[in-house]
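Inspection log for the structure reproduced underneath, given as structure tokens.
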Amino acid sequence: MIKDVGRVINSQPMKMSMSDLKRQIKMDKKNWKHILTTNCYAYALGLDIPERKIKTLAYAPGTIGSSSTNLAVQRYFTLDNLLENIQDDLLYLGIKFLEVDPLEEILPNEWKIALFTAFYSYICYEEYLYDYHFLRQDSSGIWTHKLGFFRRPTNLDNNKDVIKDPKKCSLGNYDYQLTYKLSLK
């Protein structure tokens with residue numbers, strides 16, 4: 001049943017063209033408008049567009065890029081599955097990506113996102129995750145994030161500390177995984 005739902009989501013056409021969607025990416029936006037209809041992934045990608053205007057479950061990694069292992073319908077998944085889905089979306093959007101240290105300097109036309117995951121269980125000696133979270137570094141060097149749907153972006157972690165290094169911030173049961181440097185092609 002879950003695979004059938006994934007196929008249905010992937011078979012749905014995009015409501016926006018790739019070029020229109022790419023033009024909507026804004027990293028310098030001061031006020032996030034669509035608080036109720038975007039999540040941390042949309043925020044990290046700079047897409048302040050209601051999910052329904054793109055595609056059903058567009059802000060689940062892999063939906064935009066029509067990944068074969070769409071996470072929107074998975075109860076749990078591996079880190080490799082998650083990374084494959086993120087990379088499929090980035091390739092579809094024409095975003096170059098490279099794994100970097102979160103403190104690495106970047107060019108003015110680049111931005112960084114950090115990936116966090118929540119552990120689910122070990123099954124057959126493989127680690128499975130049940131959730132993900134993204135942070136984005138702003139032009140001042142501070143990291144910000146949107147805590148799911150219905151929340152405004154913030155630069156504070158769970159301890160109410162300003163996030164300066166994602167490797168050292170506290171996000172509850174979420175563990176830091178990696179940082180990507182992104183740029184539009």
Side-chain angles (χ1 to χ4, degrees), residues 2-3 5-27 38-49 51 53-107 109-120 123 126-138 143-146 148-149 166-167 171 174-185:
I2 287 178
K3 286 187 177 193
V5 173
R7 276 193 284 273
V8 168
I9 291 168
N10 282 346
S11 68
Q12 289 180 350
M14 294 286 284
K15 295 177 183 176
M16 295 179 78
S17 70
M18 187 272 296
S19 57
D20 287 343
L21 192 54
K22 188 174 177 178
R23 275 195 296 277
Q24 295 296 318
I25 296 172
K26 304 280 188 265
M27 299 318 305
T38 57
N39 64 4
C40 63
Y41 190 48
Y43 183 75
L45 295 176
L47 289 171
D48 191 4
I49 306 166
E51 187 175 53
K53 290 189 175 184
I54 301 169
K55 186 176 187 177
T56 301
L57 301 172
Y59 295 137
T63 301
I64 290 173
S66 296
S67 177
S68 61
T69 59
N70 190 307
L71 298 186
V73 295
Q74 303 294 329
R75 190 170 67 184
Y76 53 85
F77 46 87
T78 65
L79 180 59
D80 286 342
N81 291 145
L82 176 58
L83 293 175
E84 176 187 317
N85 280 263
I86 294 166
Q87 291 170 9
D88 285 349
D89 289 348
L90 296 174
L91 290 170
Y92 178 84
L93 291 168
I95 297 174
K96 292 191 289 186
F97 59 94
L98 179 66
E99 187 174 344
V100 297
D101 183 273
L103 301 179
E104 181 176 311
E105 295 287 324
I106 59 172
L107 299 173
N109 65 328
E110 298 173 328
W111 75 98
K112 289 186 280 187
I113 63 172
L115 171 64
F116 289 75
T117 58
F119 175 75
Y120 177 74
I123 301 171
E126 187 166 19
E127 183 177 30
Y128 282 85
L129 310 167
Y130 75 90
D131 201 8
Y132 50 84
H133 187 63
F134 292 88
L135 275 65
R136 178 179 88 199
Q137 189 179 43
D138 68 22
W143 290 84
T144 58
H145 61 126
K146 187 174 182 304
F149 294 91
K167 287 183 176 179
L171 293 177
Y174 289 88
D175 298 314
Y176 172 81
Q177 292 296 337
L178 59 82
T179 298
Y180 281 138
K181 170 176 69 172
L182 307 177
S183 64
L184 294 172
K185 292 180 186 177

(message) Going by the rule ring-ring contact (aromatic ring centres under 6.0 Å, His included), which residues pair with F77 if we only count those two or more places apart in sequence or in a different chain?
(response) none
(message) How long is the straight-line distance from CD of Q74 back to CG of L129, given to the nearest 0.5 Å?
(response) 12.0 Å
(request) Output yes when a side-chain donor or acceptor of W111 lies under 3.5 Å from a complementary backbone atom of G46, and no otherwise. (result) no
(request) Any chance you could measure Q24, atom CD, to L93, atom CG, to the nearest 0.5 Å? (result) 11.5 Å
(request) First locate atom CG of L82, then atom CG of L178, and finally report the distance between them rounded to the nearest 0.5 Å. (result) 8.5 Å
(message) List the residues meeting ring-ring contact (aromatic ring centres under 6.0 Å, His included) with Y43, not counting sequence neighbours, and say none if there are none.
(response) W32
(request) Output the distance between atom CG (L45) and atom CZ (F134), rounded to the nearest 0.5 Å. (result) 7.5 Å
(message) To check you understand the geometry: which heavy-atom pair defines the closest contact between P61 and N85, and what is its length?
(response) O-OD1, 3.1 Å
(message) Working note: L79 + E127, criterion side-chain contact (heavy atoms from CB on, under 4.5 Å); need CA distance, chi angles, decisive distance, verdict.
(response) CA-CA 8 Å; L79 180 59; E127 183 177 30; over 6 Å; no
(request) Not counting sequence neighbours, which residues clear side chain to side chain donor-acceptor pair (under 3.5 Å) with K181? List them please. (result) none
(message) Holding to ring-ring contact (aromatic ring centres under 6.0 Å, His included), I want the full list of residues that pass it with Y176, two or more places apart in sequence or in another chain.
(response) F116
(request) Please identify each residue that fulfils side-chain contact (heavy atoms from CB on, under 4.5 Å) with K26, with sequence neighbours left out. (result) D28, K29
(message) Set out, in order, the CA-CA distance, both residues' side-chain angles and the distance that settles side-chain contact (heavy atoms from CB on, under 4.5 Å) for R136 and K112, then state yes or no.
(response) CA-CA 6 Å; R136 178 179 88 199; K112 289 186 280 187; over 6 Å; no
(message) Using the side-chain contact (heavy atoms from CB on, under 4.5 Å) criterion, which residues pair with E84? Sequence neighbours excluded.
(response) S67, S68, T69, D88
(message) Testing the basics here: between K146 and T38, what is the closest heavy-atom pair and its distance to 0.1 Å?
(response) NZ-O, 2.6 Å
(message) Quick check: do T179 and E104 have side-chain heavy atoms less than 4.5 Å from each other?
(response) no
(request) Would you check if K55 and T63 make a side-chain contact, meaning some heavy-atom pair closer than 4.5 Å? (result) yes
(request) Write out all pairs satisfying salt bridge (Lys or Arg N to Asp or Glu O under 4.0 Å) with one or both partners inside residues 93-103, taking only residues at least two apart or from two chains. (result) D101-K167
(message) If I take atom CE from residue M27 and atom CD from residue Q137, how far apart are they, to the nearest 0.5 angstrom?
(response) 10.5 Å
(message) Going by salt bridge (charged side-chain N to carboxylate O under 4.0 Å, His left out), name the residues that satisfy it together with D20, two or more places apart in sequence or in a different chain.
(response) R23
(request) Return the minimal non-hydrogen interatomic distance between I64 and A58, and the atom names on each side. (result) CG1-O, 3.5 Å
(request) Return the minimal non-hydrogen interatomic distance between I86 and Y41, and the atom names on each side. (result) CA-OH, 3.7 Å
(request) Take L83 and T78, measure what side-chain contact (heavy atoms from CB on, under 4.5 Å) needs, and give me the verdict at the end. (result) CA-CA 9 Å; L83 293 175; T78 65; over 6 Å; no
(request) Answer yes or no: is there a donor N or O on one side and an acceptor on the other, between the side chain of N39 and the main chain of F149, under 3.5 Å? (result) no
(request) Could you list the residues that satisfy side-chain contact (heavy atoms from CB on, under 4.5 Å) with D131, not counting sequence neighbours? (result) A118, Y174
(request) Evaluate whether atom NZ of K53 has more than 12 neighbouring non-hydrogen atoms of other residues, nucleotides or ligands under 6.0 angstrom away. (result) no
(request) Looking only at non-hydrogen atoms, find the nearest pair between E110 and S183 and report the distance. (result) CG-CB, 3.9 Å
(request) Just do the side-chain contact (heavy atoms from CB on, under 4.5 Å) check on Y59 and I49 with the steps written out, would you? (result) CA-CA 10 Å; Y59 295 137; I49 306 166; 3.7 Å; yes
(request) Write down the atom of P166, the atom of L135, and the distance for their closest heavy-atom approach. (result) CB-CD2, 4.3 Å
(request) Could you tell me the separation between the CG atom of L47 and the CE atom of M16, rounded to the nearest 0.5 Å? (result) 8.5 Å
(request) Identify, with sequence neighbours excluded, every residue that meets side chain to side chain donor-acceptor pair (under 3.5 Å) alongside Q177. (result) T117
(message) According to side-chain contact (heavy atoms from CB on, under 4.5 Å), who are the partners of F97, at least two apart in sequence or on a separate chain?
(response) Q87, L90, L91, Y180, L182
